[in-house]
Amino acid sequence: MPWKLLLYLVLLGCVLAFVGLNLDHTADISLGFILYRDVPVFLSLFFAFFLGVVLTIPAVMFTASRKTRDRSERRRERQEKQEARKEEKARRIAHKEERRQARGAARAAKASRAEKKRTLPGGP
């Protein structure tokens, strides 16, 4: 039998024993303008615990844990580094391409000058 189920059954038994032993114990509960008379003690305790759970659930569900925030920050930093590396690589490739085109243009200009020298009368 799973331990969680066994623990749940033990706690349920304790709650039922508490309710059964306190059925005849009552108390008056005042909410300021309203007074409830002869409210069973187990009912007031059940309501108090239930209200505590209801108010705690949103706090637990909507607050990010430090671990989650740290993990998302690390992921964001990794993505930024990858993007920076990609941009640097693209810049280097573009620079290489510009240099290659400039060399090609210089070669073409040199070749056209050499061609002009050959075609000029009186050239070598």
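The structure presented is a predicted model; accordingly, all values stated were derived computationally and were not measured.
Taking the side-chain hydrogen bond (donor to acceptor under 3.5 Å, both in side chains) definition, one finds that Glu97 meets it with Arg100, Gln101, sequence neighbours left out. Applying the side-chain hydrogen bond (donor to acceptor under 3.5 Å, both in side chains) rule to Arg113 yields no partners; only residues at least two apart in sequence or on another chain are considered.
The number of heavy-atom neighbours closer than 6.0 Å to NE2 of His95, taken from other residues, nucleotides and ligands shown, is 12 or below. Under a cut-off of 6.0 angstrom, the local environment of CZ in Phe18 is crowded, with over 12 non-hydrogen atoms contributed by other residues, nucleotides or ligands.
Distance check, rounded to the nearest 0.5 Å: NZ of Lys89 to CD of Glu87 gives 13.5 Å. To the nearest 0.5 Å, atom OG1 of residue Thr56 and atom CG of residue Leu51 are 9.0 Å apart. Between atom CG of residue Leu6 and atom CG of residue Leu11 there is a gap of 10.0 Å, rounded to the nearest 0.5 Å. Of the inter-residue distances, the one linking Asp38 atom CG with Asp28 atom CG reads 6.0 Å to the nearest 0.5 angstrom. Separation of atoms CG (Leu43) and OG1 (Thr26) is listed at 11.5 Å; rounding is to 0.5 Å.
Considering Lys86, Arg91, Arg85 in turn, Arg91 is the only one that fulfils the side-chain contact (heavy atoms from CB on, under 4.5 Å) rule with Glu88.
In the hydrophobic clustering of this structure, Leu21 does not group with Leu16; members are Ile, Leu, Val, Met, Phe, Trp, Tyr whose side-chain heavy atoms approach within less than 4.5 Å, directly or through other members. Residues Ile34 and Ile29 share a single hydrophobic cluster, defined by chaining ILVMFWY side chains whose heavy atoms lie under 4.5 Å apart.
Between Glu77 and Arg74 there is no salt bridge, since no side-chain N of the basic residue sits under 4.0 Å from a carboxylate O of the acidic one.
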